[in-house]
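Residue numbers run from 1 in the order of the sequence given.
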Amino acid sequence: MPSPKIISALTEIDLTVNPQNKLQLYNDLLSETVSSSPEPQLADDLNYYLDTVLSEDLSIVAARPILDSFIEILRKLKPETQIAVGQHAVTLIQSRSTSVEEQDSQIRNILADAYTSEEEYIAAAKALQGIHIDSSQRLVSDLEKSRLWIRIVRLYLEEDDTTSAEAFLNRIKNLPTKLEDPELKLYFRLSQARIQDARRRFLDASQEYFNVSLAAGVDEADRLAALAAAIRCAVLAPAGPQRSRTLATLYKDDRATSVEEFGILEKMFLDRLLNTDEVATFSQRLAPHQLAQTADGTTVLDKAVVEHNLVAASKLYENIHTDALGAILGLQGSGDLTAGEKAEAYAARMVEQGRLNGSIDQIDGIIYFEDSSTATGRHIKQWDAGVQGLSEGVERIATSIAEGLTKSTAQTA
């Protein structure tokens, strides 16, 4: 409830005939209200003040400068008061927004700042969404639109709402002009990386994080944080040639040795088997969405490690029994499937997708691996065996001919 004092003061101002006097009286009352009303009462008094100023009894021409003064006062209030008053203000302005769109934009920005300070990120994003950017009353450049949408994207990402964040990021992509502001381009890349990361498009996310780590004007600590994020995403990506190229790029970066993720990066790049302790240590640095379970009950990390160790095993063995492979991969039997059958299923999927070269003998339960290095070695062995066989054949023929000639000579004699 508004205080009797402000009700009485506004009634007296309403009776004033001179418009110039009215404007000064409204401004004086606003200053007095802010300085004299106790904090719990202030929001109610200011809301009643707004009800009067934005009523149909006062022309929009007269209301606009009063609203400008109100906005300057609103900027200096506490966040909780800004929220209570600002939300009431934007609701009132909706009926007259075409005439006060600039004031509506300023109030919504103040309201978003207040919500952000209270960590109410979704409310802050929705406050900014109400800003009119396509209107004949107010010209908004593509740069200002991009700045607004980037801020909304970042607010949604604070609550991991990637669907809403991506919708506004796509608006920036569809603008006729490209982002030229270095800071906005950096935020755009980082936001895109976070969205791809959350959507489990890990290879794309790794590349975007890596680009951020190379961008100019970024603090060194933030560069390393982005590089570490790029490594984590690369580790979580499905095994295959594309991930191998990404791992190679990250491993060759001179800064890689400075981050904690370098140990697992090195092992993956060199196709070495990962043990459970290394995986457990690495998992402690992952975000919750990176540890979420998939439909089959495993995590993205579990799947990535099994696929990597499967590739690593293919470098060590030309062939292996599925049960032995299941033991190497650390798989456990469950339901109707044994560890060997699970290993066979992983291998079959990777072979089918072209991420692993080899073949499977399901009858004997043996997997035959063949990558470029193994294939080359195998072909050399086959060539050597062929040459040796040919040589032995020629030698046998020569021996037979010699023995035949010897017998023929003996008979003639």
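- Ionic pairing of Glu144 and Arg147 is not present here: no N-O contact between side-chain nitrogen and carboxylate oxygen is shorter than 4.0 angstrom.
- Using cut-offs of 30° and 60° for the angle between ring planes, the Tyr26 and Tyr49 rings count as perpendicular.
- Side-chain atoms of Glu261 do not come within 3.5 Å of backbone N or O of Arg232 as any donor-acceptor pair.
- Side-chain atoms of Arg223 come within 3.5 Å of backbone N or O of Ala215 as a donor-acceptor pair.
- In this structure, the salt bridge (charged side-chain N to carboxylate O under 4.0 Å, His left out) partners of Asp113, at least two apart in sequence or on a different chain, are Arg151.
- Side-chain N or O atoms of Thr91 include one that pairs as donor or acceptor with a backbone N or O of Gln87 at under 3.5 Å.
- Between the side chain of Gln41 and the backbone N or O of Met1, at least one donor-acceptor pair lies under 3.5 Å.
- Side-chain contact between Leu77 and Ile110: absent, with no pair of heavy atoms (C-beta onward) separated by less than 4.5 Å.
- When only modelled atom types and interatomic distance are considered, Lys173 and Gln192 share a side-chain donor-acceptor pair under 3.5 Å.
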- Item | Arg75 and Glu72: CA distance, side-chain angles, deciding distance, salt bridge (Lys or Arg N to Asp or Glu O under 4.0 Å) verdict | CA-CA 5 Å; Arg75 295 184 194 279; Glu72 292 306 312; 3.6 Å; yes
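- Residues Ser37 and Asp45 have side chains that bring a donor and an acceptor to within less than 3.5 angstrom of each other.
- Here Asp104 pairs with Arg108 in a salt bridge; the nearest charged N to carboxylate O distance falls below 4.0 Å.
- Between Glu159 and Lys126 no salt bridge is recorded (no basic side-chain N to carboxylate O distance below 4.0 Å).
- Every salt bridge (charged side-chain N to carboxylate O under 4.0 Å, His left out) that Glu278 has, sequence neighbours left out, goes to Lys267.
- Put simply, the side chain of Leu301 reaches to within 4.5 Å of the side chain of Phe282, judged on heavy atoms.
- At a cut-off of 3.5 Å, with distance as the only test, a side-chain donor of Gln207 or Asn211 sits close to an acceptor on the other residue.
- Between atom CD of residue Gln129 and atom OG of residue Ser164 there is a gap of 7.0 Å, rounded to the nearest 0.5 Å.
- At least one side-chain heavy atom of Leu227 sits less than 4.5 Å from a side-chain heavy atom of Phe210.
- Atom CD1 of Ile152 and atom CD1 of Ile131 lie 7.0 Å apart (nearest 0.5 Å).
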